[in-house]
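A short worksheet on the structure shown next.
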Number of protein chains: 2
Amino acid sequence: MYTNLVDINKNMRFSTKAEYGLKAMTNLAQCYPAQKTIGEIASQENISQKYLERLMGILRNGEVVQSSKGKQGGYVLSKDPKKIPVGEIIELLDGDIAPMRCVGKFCSSEHKCPSSVVWNKLGVQIKKTLYGMKLSDLIKN
Amino acid sequence: MYTNLVDINKNMRFSTKAEYGLKAMTNLAQCYPAQKTIGEIASQENISQKYLERLMGILRNGEVVQSSKGKQGGYVLSKDPKKIPVGEIIELLDGDIAPMRCVGKFCSSEHKCPSSVVWNKLGVQIKKTLYGMKLSDLIKN
DNA sequence: TATCATCATAGTACCTTAGTAAGAAGGAGG
DNA sequence: CCTCCTTCTTACTAAGGTACTATGATGATA
């Protein structure tokens with residue numbers, strides 16, 4: 001009864017973009033400041049190379065990695081892993097973190113619905129958690 | 001450049017199920033312990049009545065509301081709003097809160113990927129926040 | 001100029017969301 | 001008993017997003 005509506009939930013999850021991107025970034029962090037090709041990262045992290053190419057493009061636009069083309073090309077982190085917050089990577093790939101749209105006539109700035117309190121409080125908590133963690137916190141050694 | 005992949009983000013959001021359900025629950029909390037019909041709630045909160053019927057069914061199965069059929073029928077909260085955590089309502093409607101699937105060979109229990117630290121830490125934070133808020137915290141007076 | 005890497009667009013199958021449509025089930029009042 | 005009025009349930013649908021694949025352009029190095 002009604003279970004089909006809830007059985008497989010995909011809400012309040014990050015996409016594989018965030019997952020793959022974070023894996024690629026931690027992989028690069030482990031060899032920082034050396035560079036690596038997408039092919040190497042993809043096979044080590046078991047990610048589709050073609051898909052990862054697109055994700056790395058986003059991260060490059062976001063200036064957390066730098067690329068060089070051609071033979072001997074590849075990717076490097078553009079900063080020390082200690083200075084790259086996990087939240088920055090995730091927001092680049094998954095967009096702004098906001099747990100509810102909260103638009104429309106019952107959630108405008110004039111008339112706040114009671115539940116908007118929940119979404120605002122939660123949004124702050126999530127960002128605090130994700131920006132408090134740095135890439136360097138995710139690698140061993 | 002790649003922007004179409006990120007422009008409109010729907011990840012890390014709750015669905016309208018959670019939004020509507022929470023609105024309906026706060027609406028019921030405001031008249032607790034009196035009852036109300038779905039029709040009243042739907043028009044006051046500007047939600048499709050037919051859709052809300054389904055959502056209320058889920059909440060009834062989750063035993064946060066009680067219903068009575070027939071003429072003079074309607075819905076009541078099954079507990080005092082002080083005793084109903086916001087997280088319970090949201091998990092009933094949106095399913096278990098877990099920010100990443102983390103399955104597959106790189107995220108099994110034997111071989112934890114570095115980024116699983118992020119998802120676990122975040123999941124704990126989100127639950128703590130949502131279960132710390134009660135329905136009674138969302139209503140004025 | 002051949003090779004090897006990044007960079008970019010287009011297209012696809014599958015799935016979820018957010019509903020609508022149609023009606024069955026059941027209690028209250030006449 | 002009958003008819004309202006409510007809840008309850010299943011089935012269906014359009015729109016849109018995810019997670020890719022396919023195909024190739026661009027550009028640096030040897």
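A, B, ... follow the sequence lines: proteins, then strands. Residue 1 opens every chain.
- The phosphate of C:dT17 (OP1 or OP2) has no side-chain N or O of B:Y51 nearer than 4.0 angstrom.
- If you check D:dC20, C:dA18, D:dT7 against the side chain of B:S15, the one that comes closest is C:dA18.
- With C:dA18, C:dA28, D:dA19 as the choices, the nucleotide that has an atom nearest any side-chain atom of B:Q72 turns out to be C:dA28.
- Side chains of A:T37 and A:I41 form no contact here, defined as non-hydrogen atoms less than 4.5 Å apart.
- A sub-4.0 Å separation between OP1 or OP2 of C:dA10 and a side-chain N or O of A:R54 is absent.
- Listed pair B:Y20 / C:dG19 meets the phosphate criterion, a side-chain N or O lying under 4.0 Å from OP1 or OP2.
- Within the model, atoms CD1 of A:I139 and CG of A:N27 stand 10.5 Å from one another, a figure rounded to the nearest 0.5 Å.
- For B:L55 and C:dA18, the CG to C1' distance is 10 Å, given to the nearest whole Å.
- In this entry the distance linking CG of A:L93 with C1' of D:dC20 reads 15 Å, nearest Å.
- As a whole-Å value, the separation of A:E53 CD from D:dT26 C1' is 13 Å.
- Of the candidate nucleotides C:dT6, D:dC20, C:dA18, C:dA18 has the atom lying nearest to any side-chain atom of B:K17.
- Note: the hydrophobic cluster containing A:V76 does not contain A:L28 (ILVMFWY, side chain heavy atoms under 4.5 Å, direct or indirect links).
- Side-chain atoms of B:S67 and B:M56, non-hydrogen and from C-beta on, never get closer than 4.5 Å to each other.
- Contacts classified as salt bridge (charged side-chain N to carboxylate O under 4.0 Å, His left out) and involving residues 117-137 of chain A (residues at least two apart or in different chains) are given here: A:E91-A:K127, A:D96-A:K127.
- Taking CD1 from A:I84 and OG1 from A:T26, the interatomic distance works out to 11.0 Å, rounded to the nearest 0.5 Å.
- As a whole-Å value, the separation of A:I58 CD1 from C:dT6 P is 16 Å.
- At whole-Å resolution of the value, CD in B:E40 and C1' in D:dC5 are 13 Å apart.
- In this model, the phosphate group of C:dT20 is approached by a side-chain N or O of B:S48 to a distance below 4.0 Å at OP1 or OP2.
- Counting heavy atoms from C-beta on, the side chains of B:M133 and A:V117 come closer than 4.5 Å.
- Rounding to the nearest 0.5 Å places CG of B:L92 at 12.0 Å from CZ of B:R60.
- Residue B:Q49 contributes atom CD, which lies 13 Å from atom C1' of C:dT20 at whole-angstrom precision.
- Donor-acceptor pairing under 3.5 Å, judged by distance alone, is present between the side chain of A:K50 and the base of D:dG24.
- The interatomic distance linking A:I47 (CD1) with D:dT18 (C1') rounds to 16 Å, in whole Å.
- Donor-acceptor pairing under 3.5 Å is recorded for the side chains of A:Q44 and A:K36.
- Per the geometry, CG belonging to B:N46 stands 15 Å off C1' belonging to C:dA18, to the nearest Å.
- Within residues 64-71 of chain B, the residues having any heavy atom closer than 4.0 Å to DNA chain C are, in order of number, B:K69, B:G70, B:K71.
- Side-chain contact between A:L135 and A:K83 is absent, with no heavy-atom pair separated by less than 4.5 Å.
- Within residues 24-39 of chain B, no residue has a heavy atom under 4.0 Å from DNA chain C.
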